[in-house]
Number of protein chains: 2
Amino acid sequence: MLARPTPYRPHNHDACVSQALADARIICQQQNARLTPIRERVLELIWRSHKPLGAYDVLAELASDGHNAAPPTVYRALDFLQQNGLVHRIASLNAFIGCTYPGESHAGMFLICRACGNVLELTAPDVSSEVRKAAADEGFRTENTTLEIAGLCPLCQAEPGHD
Amino acid sequence: MLARPTPYRPHNHDACVSQALADARIICQQQNARLTPIRERVLELIWRSHKPLGAYDVLAELASDGHNAAPPTVYRALDFLQQNGLVHRIASLNAFIGCTYPGESHAGMFLICRACGNVLELTAPDVSSEVRKAAADEGFRTENTTLEIAGLCPLCQAEPGHD
DNA sequence: CTGTGAATGTTATAATGTTGCAAATTTTGC
DNA sequence: GCAAAATTTGCAACATTATAACATTCACAG
Ligand SMILES: [Zn+2]
Ligand SMILES: [Zn+2]
Ligand SMILES: [Zn+2]
Ligand SMILES: [Zn+2]
């Protein structure tokens, strides 16, 4: 299997963003969802940063584009992108990040480096199945899983202060 | 093993709260942490509700006590209680709940019913170990895990609209 | 065209959380 | 005990995150 680009491995991020946008256009077309210019622009801004972006960060970027947007514009775009599986909200950071596995059904698991702020999204089937099992043992019907791991990424363990 | 009381099983909740407070006093004494009146009162308020309580909910309860507190008072008390493992913050709800396993080292896992709002805290060693494994595979050093499952509790599956 | 629903603009406001400093309280060293 | 030091609390202002309500514009079908 080809290794996906990750925040930890340098890569051509422009290509990475372009790919994400292209994927998004296809996914939206398939789902009859309208990836309007604002929505696409918000998705692009989020993808340009591997680090999660707050709604007001997005807002500021839009403003520096000359787009005079208000909070609801951003939150609505973010809602749309979440609904369509294109971004995730990181609850422990109040921030958003592009989904690494759009179109694939998955329960995301996020490794959040407290030093450099990068976030890596994983799909861990073994984790998911243990979670489902533990919930099922209590008779609980799982609908949505939030799994966020804070800690130190490999680079920051080796090189404190790294960015 | 004796079944713990859970939000799903009715139980003598006054006793349950008293027990939690007694445990907290012992734990704080052991750790040389000062469970001051405000802190104890906040812990009690949180325990009285099995449902997670927002910081401003706590504030309102304090106010109805006649205690004229400001937000920092509550947030500081909550920080203290978290530091000492007496409450957890539920990131997906911006709310706090008493820890079911205080004094025991554990990575909490929370089953959050979207219908009745009750939250059950579990310790699931199998889940924790799978999580650690998945993180370790990426060379990531786990410090803190947020695992919150939203869905339907057994009662609400059977009896929609139940509280 | 034109009516209809979706998307966006706009303003205001709600909800959650923090900073900074002063006053009070508790602990510590003597 | 008593003064110095450290911790805790009070308090005012402020920062950040998110939503409500309603008007306007836009895309698209008939
Ligand atoms: Zn990338
Ligand atoms: Zn890092
Ligand atoms: Zn109880
Ligand atoms: Zn329920």
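A donor-acceptor pair shorter than 3.5 Å cannot be found between the side chains of A:Asn144 and B:Arg114. Counted by atom type alone, B:His88 and B:Glu121 present one or more donor-acceptor pairs between their side chains at under 3.5 Å. Residues B:Asp23 and B:Gln19 bring a donor and an acceptor atom of their side chains to less than 3.5 Å of each other.
Across the protein-nucleic acid pair, B:Phe80 atom CZ and D:dT9 atom C1' stand 14 Å apart, rounded to whole Å. Atom pair B:Asn68:CG and D:dT9:P shows a separation of 16 Å (rounding to whole Å applied). Distance CD1 (A:Ile38) to P (D:dT24): 18 Å, rounded to an integer number of Å.
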Where do N or O atoms of nucleotides 12-22 of chain D meet protein N or O atoms at under 3.5 Å, pair by pair?
| unit_1 | atom_1 | unit_2 | atom_2 | d |
| --- | --- | --- | --- | --- |
| D:dA18 | OP1 | A:Arg89 | NH1 | 2.1 |
| D:dA18 | OP1 | A:Arg89 | NH2 | 3.4 |
| D:dA18 | OP2 | A:Tyr75 | OH | 3.0 |
| D:dA18 | O5' | A:Tyr75 | OH | 3.4 |
| D:dA18 | N7 | A:Tyr56 | OH | 2.7 |
| D:dA18 | N6 | A:Tyr56 | OH | 3.3 |

**Asked** Could you go step by step and tell me if A:Thr123 and A:Met109 meet the side-chain contact (heavy atoms from CB on, under 4.5 Å) rule?
**Response** CA-CA 6 Å; A:Thr123 58; A:Met109 164 172 171; over 6 Å; no

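B:His50 and B:His11 have tilted rings, their planes meeting at an angle from 30° to 60° on a 0 to 90° scale.
A 4.0 Å heavy-atom criterion places the boundary nucleotides of DNA chain C facing chain B at C:dT16 to C:dT26, written 5' to 3'.
Side-chain contact between B:Ser128 and B:Pro125 is absent, with no heavy-atom pair separated by less than 4.5 Å. Here the side chains of B:Val42 and B:Thr73 are not in contact, with every heavy-atom distance at 4.5 Å or above. A 4.5 Å side-chain heavy-atom check between A:Ile38 and A:His67 finds at least one atom pair inside the cut-off. Between A:Phe110 and B:Thr146, the closest side-chain pair of non-hydrogen atoms is not below 4.5 Å.
Bending across the helix from C:dC1-D:dG30 to C:dC30-D:dG1, expressed as the angle between its end axes from five pairs apiece, amounts to 30° (10° rounding).
The hydrophobic cluster containing A:Leu81 also contains A:Tyr56, counting ILVMFWY residues as joined when their side-chain heavy atoms lie under 4.5 angstrom apart, directly or transitively.
For B:Thr73 and D:dC11, the shortest distance from a side-chain N or O to OP1 or OP2 is not below 4.0 Å.
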